Amino acid sequence: MDKTTQPYSSAGMLRDDALAEKTIIVTGGGTGLGRAMSTYFLKLGANVVITSRKLDVLQKTASEMEQETGGKVLAVACDVRNYDEVEAVLAKTLEKFGSVEGLLNNAAGNFISPTERLSANAFGTIIDIVLKGSANCTLALGKHWIAQKQPGTILNIITTYAFTGSGYVVPSACAKGGVLAMTRSLAAEWGKYGIRTNAIAPGPFPTKGAWERLLPGDLAEKFDFKNRVPLKRVGEHQELANLAAFLMSDFSGYINGEAITIDGGEWMQGAGQFNGLEAIPAEMWDMLEQLTRGTKGS
Ligand code: HXC
Ligand code: NAP
């Protein structure tokens with residue numbers, strides 16, 4: 001690490017009991033970022049229910065996570081697009097753990113494509129997984145918590161292009177934008193029931209699932225994400241897990257309706273009109289300064 005590198009820690013941040021006595025459902029919890037966040041929730045004392053479509057993947061992950069953390073994991077197959085399957089996850093969760101306190105809407109589908117190449121079904125598939133899936137889980141848990149007169153915490157994983165939009169991932173951008181709107185809307189509507197709703201917008205955090213679909217072949221080298229980030233690196237999974245655990249925990253009890261970006265400044269770098277001047281070599285600035293000063297009074 002040279003002197004100009006911003007220091008960072010990839011250690012767990014919260015105290016060991018920060019999520020004790022909480023049961024948290026994590027959609028897409030068997031792989032990638034969902035797995036990383038679930039593992040940290042377990043280390044902090046939570047019970048975790050991981051769901052996705054592939055039961056074999058979930059079961060393997062569950063047993064590895066239990067071994068690593070000593071926590072309790074329930075693996076339940078569920079396609080978040082089907083409301084009855086989501087309700088079944090809730091029922092199995094209550095049967096095993098007695099109560100549920102948190103929902104992490106993390107499951108997603110995505111791939112790059114020029115929009116005009118997409119079939120209507122391709123577009124709809126992404127909307128269904130990301131927006132309808134998050135809505136299904138939120139609705140099932142929200143109805144349950146309101147009926148039980150019990151507080152709850154919802155955390156939605158979005159993306160920074162939920163704010164900006166992005167070409168080549170348009171269905172995902174539309175869906176994540178919808179999840180952001182749901183986050184803010186329910187923060188206002190369900191706060192009175194003691195239900196908090198927040199979101200995290202991660203920048204690039206390498207995972208097999210995302211990289212295979214968004215940077216196939218040699219795109220990963222050609223479109224190296226770390227060059228797009230002012231801090232010149234991608235994120236570490238534990239950094240995201242720290243933020244997610246904080247937002248799930250009672251330590252963030254007054255945070256509601258917030259979307260927190262964790263991207264090393266990536267989207268701001270893309271947004272600022274003159275940020276491209278980064279490409280100008282240091283030695284050229286004397287000449288440019290002379291030119292700009294020379295316009296005085298003109
Ligand atoms: C064009 C495609 C396509 C592609 C599928 N389709 N892949 N069209 N280009 N690459 C079309 C199919 O032809 C079909 O349309 C429709 O999409 C549905 O495809 P299925 O394969 O039947 O869908 P399904 O089995 O439900 O699989 C969903 C999936 C798949 C999204 C296509 O990739 C998946 O399971 N993904 C889950 C994991 C994932 O995507 N992880 C990455 C999240 S990363 P037709 O018309 O032929 O029927 C992320 C990061 C964001 O969100 C930011 C990163 C920095
Ligand atoms: P990932 O490993 O591919 O995770 C996606 C998960 O969603 C998988 O476990 C998948 O499991 C599950 N899933 C997909 N369709 C589903 C469905 N219909 N029903 C239930 N589960 C389904 O990718 P990841 O990178 O960890 O992504 C996790 C989250 O972070 C996503 O919301 C993504 O948009 C977000 N994100 C990631 C990055 C990044 O840089 N990695 C950046 C910004 C945002 P099955 O295939 O078994 O169903």
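All values below come from the heavy atoms of this structure, side chains included, with hydrogens, waters and symmetry mates left out. In listed order, ligands and their atoms are each counted from 1. Nothing here was measured: the structure is a model prediction, and the numbers come from that model.
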Could you tell me whether some N/O pair between Asn110 and ligand 1 is separated by less than 3.5 angstrom? yes
Between Leu155, Thr261, Ile262, which is the residue that forms a side-chain contact (heavy atoms from CB on, under 4.5 Å) with Leu243? Ile262
Without swapping roles, check the side chain of Ser252 against the backbone of Phe246 for a donor-acceptor pair under 3.5 Å. yes
Can you tell me if Arg117 contacts ligand 1 (heavy atom of the residue under 4.0 Å from the ligand)? no
Selection from Val234, Leu104, Asp79 by shortest heavy-atom distance to atom 18 (N) of ligand 2: Asp79
Would you say Pro202 contacts ligand 2, with heavy atoms under 4.0 Å as the rule? yes
Closest contact, heavy atoms only, Asn198 versus Ile255: ND2-O, 2.8 Å
Does any N or O atom in Arg53 lie less than 3.5 angstrom from one in ligand 1, N or O only? yes
Would you say Ile126 contacts ligand 1, with heavy atoms under 4.0 Å as the rule? yes
Quick one: does Asn106 get within less than 4.0 Å of ligand 2, heavy atoms only? yes
Would you say Arg213 has any N or O atom under 3.5 Å from an N or O of ligand 2, going by distance alone? no
At a 4.0 Å cut-off, with the gap strictly under it, does some heavy atom of Glu266 reach an atom of ligand 1? no
Answer yes or no: does an N/O atom from Val80 fall short of 3.5 Å to an N/O atom of ligand 2? yes
Heavy-atom distance to atom 4 (O) of ligand 2: which of Ile157, Thr31, Thr51 wins? Thr31
Tell me, please: is Pro204 in heavy-atom contact with ligand 2, that is, under 4.0 Å? yes
For Tyr161 and ligand 1, does the shortest N/O to N/O distance drop below 3.5 Å? no
Thr159 heavy atoms, cut-off 4.0 Å: which ligand 1 atoms fall inside? 51 (C), 53 (C)
Does Ile158 come within less than 4.0 angstrom of ligand 2, counting non-hydrogen atoms of the residue? yes
